[in-house]
Amino acid sequence: GAGVSQSPSNKVTEKGKDVELRCDPISGHTALYWYRQRLGQGLEFLIYFQGNSAPDKSGLPSDRFSAERTGESVSTLTIQRTQQEDSAVYLCASSSPRGLGEQFFGPGTRLTVL
Amino acid sequence: GESVGLHLPTLSVQEGDNSIINCAYSNSASDYFIWYKQESGKGPQFIIDIRSNMDKRQGQRVTVLLNKTVKHLSLQIAATQPGDSAVYFCAENPNSGTYKYIFGTGTRLKVLA
């Protein structure tokens with residue numbers, strides 16, 4: 001019974017390095033979302049995929065952030081030249097093709113930039 | 001700008017009492033709202049949702065109330081249990097043409113034994 005999975009669960013990197021975060025959505029879910037959650041704060045929308053297209057990238061904080069998705073499956077969020085302010089938990093969620101409704105979240109990737 | 005905020009950052013409730021968590025939203029065009037529960041170290045978990053054509057929706061031990069006049073959303077938890085301790089977020093969909101959600105900062109619910 002697969003839910004949304006994310007890897008790695010924790011990532012520690014040095015400032016200036018690139019990182020890739022992976023999300024495996026629930027099979028059959030066409031919609032996929034990336035959020036960022038800083039410590040003690042709410043979820044900040046980053047990007048939304050419908051299939052492998054991204055109709056809304058408005059939340060990406062800078063051009064150092066990019067995301068792609070293969071078909072209706074795996075998505076990767078890439079952060080280039082990481083900065084300390086990128087430290088956060090990055091959450092992925094997926095939802096069914098029925099439209100608005102419940103988003104199923106993964107456990108997140110905790111990113112620490114030293 | 002568009003925002004979803006919460007009135008109380010931390011709420012302490014005695015076990016067995018009812019809890020009420022509040023949320024204010026700013027976009028009058030928002031037509032769909034969700035409450036999520038997030039336990040420590042986990043992703044948010046769906047609790048209940050409500051569309052703007054409704055004022056109230058009930059689930060198991062939870063009720064969501066929507067007051068569109070004052071743009072206010074609340075989550076009521078009946079007979080609060082220790083397992084209810086978590087951070088609760090409201091989220092709004094500000095435009096029915098997109099699937100973008102705006103989340104509030106969250107309220108931490110502490111259940112006292």
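The figures here come from the full heavy-atom set of this structure, side chains too, leaving out hydrogens, waters and symmetry mates. So that the names make sense, note that chain A is the first sequence line, chain B the second, and so on, each numbered from 1.
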Can you say whether [X] sits under 4.5 Å from chain B via the side chain, the backbone, both, or neither, judging by heavy atoms?
{"X": "A/Glu44", "value": "neither"}
{"X": "A/Leu91", "value": "side chain"}
{"X": "A/Ser9", "value": "neither"}
{"X": "A/Phe104", "value": "neither"}

Checklist entry - How far apart are the closest heavy atoms of B/Gln38 and B/Pro44, and which atoms are they? => result NE2-CD, 3.8 Å
Checklist entry - Between A/Arg22 and A/Asp24, does at least one N-O distance fall below 4.0 Å, as a salt bridge requires? => result yes
Checklist entry - Does B/Asp55 come within less than 4.0 Å of B/Lys68, counting only side-chain N to carboxylate O? => result yes
Item to check | Region of B/Gln45 in contact with chain A, defined by heavy-atom distances below 4.5 Å | outcome: neither
Checklist outcome for this item: Highest number of heavy-atom pairs under 4.5 Å with chain B among A/Gln41, A/Gln103, A/Gln6 belongs to A/Gln103
Checklist outcome for this item: So OG of B/Ser74 and CD1 of B/Ile20: to nearest 0.5 Å the spacing works out to 6.5 Å
Checklist entry - Step by step, would you call B/Trp35 with B/Leu73 a side-chain contact (heavy atoms from CB on, under 4.5 Å)? => result CA-CA 9 Å; B/Trp35 278 101; B/Leu73 196 67; 3.6 Å; yes
